[in-house]
Amino acid sequence: MLSRILLICFIFFWSSGNIQAQNYAPGKITIAELEEKMHPKDSGAVAAILASNVTVNLNLSGNSEKIIRKKIKIYKSDGYHLSNVHLYFGAGRSGYLHILSAYTYNLIDGKIIKSKLKPESEFIEKTNDSYWTKKLAFPDVKEGSIIEYEYREDVGFLSLYDWNFQENIPVNYSELKTTIPDDFIFKRNTKGFFSPKIISKATHAYGRNATETIYVYQNLPAMKEESYVNNINNYRTGIFFELEKIEIPGRFYKTFSSDWTSVAKTIYGFDSFGPELNKTGYFEEDLKVVLAGKNNPTEKITAILNFIKTNVNWNNHLGFSCEKGVRKAYKEKTGNGADINLMLTAMLRYAGLTANPVLISTRSNGIAFFPNINAFNSVITAVESGGDIILIDAADKFSTPNVLPLRDLNWIGRLIRKDGTFESIDLMPKKLSNNNVSIDYTIEQNGKINGKIRRQTTDYNAMAVRNTFENTKEETYLENLENNHGKIQVSDYKRDNEKEYLLPATESFSFISNDLSEVIGDKIYISPMLFFSNTKNPFKQENREYPVDFGFPFAEKYNVSIRIPEGFAVESIPKAEGLVMEEGLGIFKYNIALNDNVLQLLVLHQINSPIVSREQYTILREYYKVMMAKQTEKIILKRI
């Protein structure tokens with residue numbers, strides 16, 4: 001299903017046509033642009049890119065220079081933040097980035113007035129060890145202003161960069177022009193829902209034949225914020241360049257053409273990857289003790305995983321290459337994700353299991369569409385046992401076999417074996433994560449409610465609960481529990497299996513509330529699910545731009561017992577409801593019945609697929625509409 005969704009959502013193609021490039025000159029601002037009160041195609045836009053031009057020239061030494069010009073119109077005060085421009089560059093390379101011009105334009109008494117960026121409004125922030133930020137704070141910005149800037153950057157060896165053309169505001173015109181000597185051949189790939197117009201011609205540069213290519217996008221809509229989106233940049237219109245080969249006639253030839261097999265072999269051969277898997281002496285004696293009496297794969301996996309979690313802490317750094325090396329990380333009891341998971345792989349192999357590393361791209365890094373080394377930014381471990389593949393990430397404290405941290409759940413990983421061969425691994429979970437809630441409460445004659453609740457969560461739901469437990473003091477947690485559940489009063493709070501990660505996480509408590517029912521005359525009105533009813537529909541919009549990403553399939557089950565107060569009878573209760581989505585996407589069941597003086601309610605809300613495509617969105621939207629309407633229906637009790 002994932003492959004079909006991605007084929008629908010990502011279309012990679014090239015088109016050419018007769019389009020006039022608009023490589024505008026800086027300072028070309030018109031009165032009409034300044035007078036414009038709103039964007040003609042998006043009246044709600046706070047700002048828009050009127051024009052963006054990028055020029056990249058690659059020279060014979062393999063270095064490149066890029067010049068960027070941008071003209072931004074501010075329509076509303078909510079767009080003022082766009083006048084604080086951040087330009088990112090390699091740490092320590094400030095001399096490689098030069099601001100050529102930067103102005104704010106306003107229309108005052110029918111005349112165009114421009115304000116130059118002041119020296120004190122341009123400064124560098126040493127963001128981290130990898131990159132720094134040059135910040136520009138434009139002056140005199142107000143509704144109707146246009147800001148414009150131009151800068152030049154000297155770029156690294158044989159790097160054309162990846163370019164995103166679509167922004168969070170509308171883009172009227174965006175152009176990328178590259179001039180590349182014919183000695184360098186690059187692959188080009190696009191992503192997103194829009195394709196560029198392309199103008200390409202032969203030219204002469206640096207005394208050699210070269211190709212000048214212009215890629216033009218027009219009238220790109222703003223990227224829309226939607227609920228349950230993996231990484232919105234996966235859908236942002238852009239172009240990716242990858243060096244394919246260098247061919248200097250009579251002097252030099254080298255191919256860099258990549259497929260996933262060559263990428264896997266290249267990474268496996270890195271000193272900070274493959275050789276680290278062969279180091280075992282540092283843990284052998286310790287592991288013999290850990291494995292004593294462990295005979296089957298499950299016991300071995302559990303013992304080794306718990307051993308690593310107990311003895312080596314993740315330093316919150318990702319990467320598929322070791323940062324310290326497994327031996328040093330083991331000794332110092334801390335390391336990055338590769339240090340820990342390559343260590344895990346080596347230990348599992350030492351225990352006689354078929355274990356291999358799996359290269360992944362985390363959600364924040366985006367989906368790895370094209371074969372290249374930079375497609376990956378992390379590594380986990382896979383164990384092949386009895387025809388099954390068990391995925392493990394020992395860098396996360398709460399992960400268990402086949403329950404990876406949410407950051408890892410990003411389409412496809414690449415398993416690399418010792419011989420350099422690879423296999424595509426579906427990272428998306430298949431097993432339902434449960435949230436089972438039992439509620440037993442009594443309604444008193446004055447509408448007051450007192451009862452008990454027990455909640456049991458498994459797999460990804462349990463991981464989320466344990467993360468909350470870990471990062472919130474119990475006093476604060478209970479305060480939030482009371483405030484987020486209709487100002488209830490909680491007592492007898494208890495947790496079970498908080499540290500037993502292979503078992504369901506359970507919590508239980510008693511509660512009292514005067515605010516969960518409504519007494520009008522001789523009647524009591526109450527939503528039977530109390531504060532567990534879904535009241536905010538995340539899928540109200542008619543159409544959907546991006547697939548819905550739940551992360552994992554899940555089932556929410558509620559078993560509710562409601563004791564009716566003496567002297568009251570049931571006047572009306574919600575009707576039973578059953579709904580099965582097409583294509584097996586999900587199930588909703590709602591059954592309620594009266595037995596003696598107790599109402600029994602059973603509710604099931606189950607989503608079977610972690611990802612729902614745009615084409616299936618209408619089905620999902622109607623499902624949520626029915627489900628939420630039913631969950632908010634009330635019971636009416638009448639005094640007798």
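These numbers were taken from a predicted model, which means no experiment stands behind them.
- In terms of heavy atoms, Pro553 sits closest to Pro429 at CD-O, 3.4 Å.
- Of the possible donor and acceptor atoms, none in the side chain of Thr104 sits under 3.5 Å from a partner among the backbone N and O of Val141.
- Residues Phe165 and Leu176 meet the side-chain proximity criterion, which asks for heavy atoms closer than 4.5 Å.
- Asp140 and Asn106 form no side-chain donor-acceptor contact under 3.5 Å, judged by distance and modelled atom types alone.
- Residues satisfying the side chain to side chain contact (heavy atoms under 4.5 Å, CB included) test with Asn313, not counting sequence neighbours, are none.
- Between Ser609 and Phe550 there is no side-chain heavy-atom pair separated by less than 4.5 Å.
- Environment of CD in Glu225: sparse, with no more than 12 heavy atoms of neighbouring residues, nucleotides or ligands closer than 6.0 Å.
- At a cut-off of 3.5 Å, with distance as the only test, a side-chain donor of Arg414 or Ser424 sits close to an acceptor on the other residue.
- The closest donor-acceptor contact from the side chain of Thr468 to the backbone of Ala464 lies under 3.5 Å.
- Under a cut-off of 6.0 angstrom, the local environment of CG in Asn543 is sparse, with at most 12 non-hydrogen atoms contributed by other residues, nucleotides or ligands.
- Without hydrogens or angle criteria, Asn372 side chain to Ala375 main chain gives a donor-acceptor distance under 3.5 Å.
- Taking the side chain to side chain contact (heavy atoms under 4.5 Å, CB included) definition, one finds that Lys76 meets it with Val46, sequence neighbours left out.
- Ionic pairing of Asp183 and Arg208 is present here: one or more N-O contacts between side-chain nitrogen and carboxylate oxygen are shorter than 4.0 angstrom.
- Defined by atom type and a distance below 3.5 Å, a donor-acceptor pair is missing between the side-chain atoms of Asn59 and Glu65.
- Under a cutoff of 6.0 Å and an axis angle of 45°, Arg236 and Trp163 do not form a cation-pi pair.
- For the 3.5 Å distance criterion, the side chains of Tyr80 and Glu143 fail to qualify, holding no donor opposite an acceptor.
- With a 4.5 Å cut-off on side-chain heavy atoms, Gln166 and Val171 do not count as touching.
- Residue Gly79 comes nearest to Ile74 through the heavy atom pair O-CD1, 3.4 Å, listed as atom of the first residue, atom of the second, then distance.
- The pair Glu33-Lys73 fails the salt-bridge criterion, with no side-chain N (NZ, NE, NH1 or NH2) lying under 4.0 Å from an Asp/Glu carboxylate O.
- Between the side chains of Glu615 and Tyr617, no donor-acceptor pair of N or O atoms lies under 3.5 Å.
- Each of Asn231, Asp549, Asp408 was checked for a side-chain hydrogen bond (donor to acceptor under 3.5 Å, both in side chains) with Arg363, and the lone residue meeting it is Asp549.
- Asn230 and Asn410 are linked by a side-chain donor-acceptor pair at a separation below 3.5 angstrom, with hydrogens and angles left out of the test.
- For Arg93 and Tyr96, the positive end sits near the middle of the six-membered ring, less than 6.0 Å away and at most 45° from its axis.
- Of the charged side-chain nitrogens involved, none lies within less than 4.0 Å of a carboxylate oxygen, so that Glu244 and Lys187 do not count as a salt-bridged pair.
- With no hydrogens or angles considered, a side-chain donor-acceptor pair links Thr362 and Asn377 at under 3.5 Å.
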Worksheet item: For Glu148 and Lys114, what are the C-alpha separation, side-chain angles and deciding distance, and is it a salt bridge (Lys or Arg N to Asp or Glu O under 4.0 Å)?
Response: CA-CA 10 Å; Glu148 183 187 54; Lys114 71 177 183 177; over 6 Å; no
Item to complete: In sequence, state the C-alpha distance, the side-chain angles, and the governing distance for Lys201 and Glu212, and then conclude on salt bridge (Lys or Arg N to Asp or Glu O under 4.0 Å).
Response: CA-CA 5 Å; Lys201 68 177 183 179; Glu212 179 186 281; 3.8 Å; yes
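- Ion pairing between a basic and an acidic side chain is recognised when a charged N comes within 4.0 Å of a carboxylate O; Glu122 and Lys134 show such pairing.
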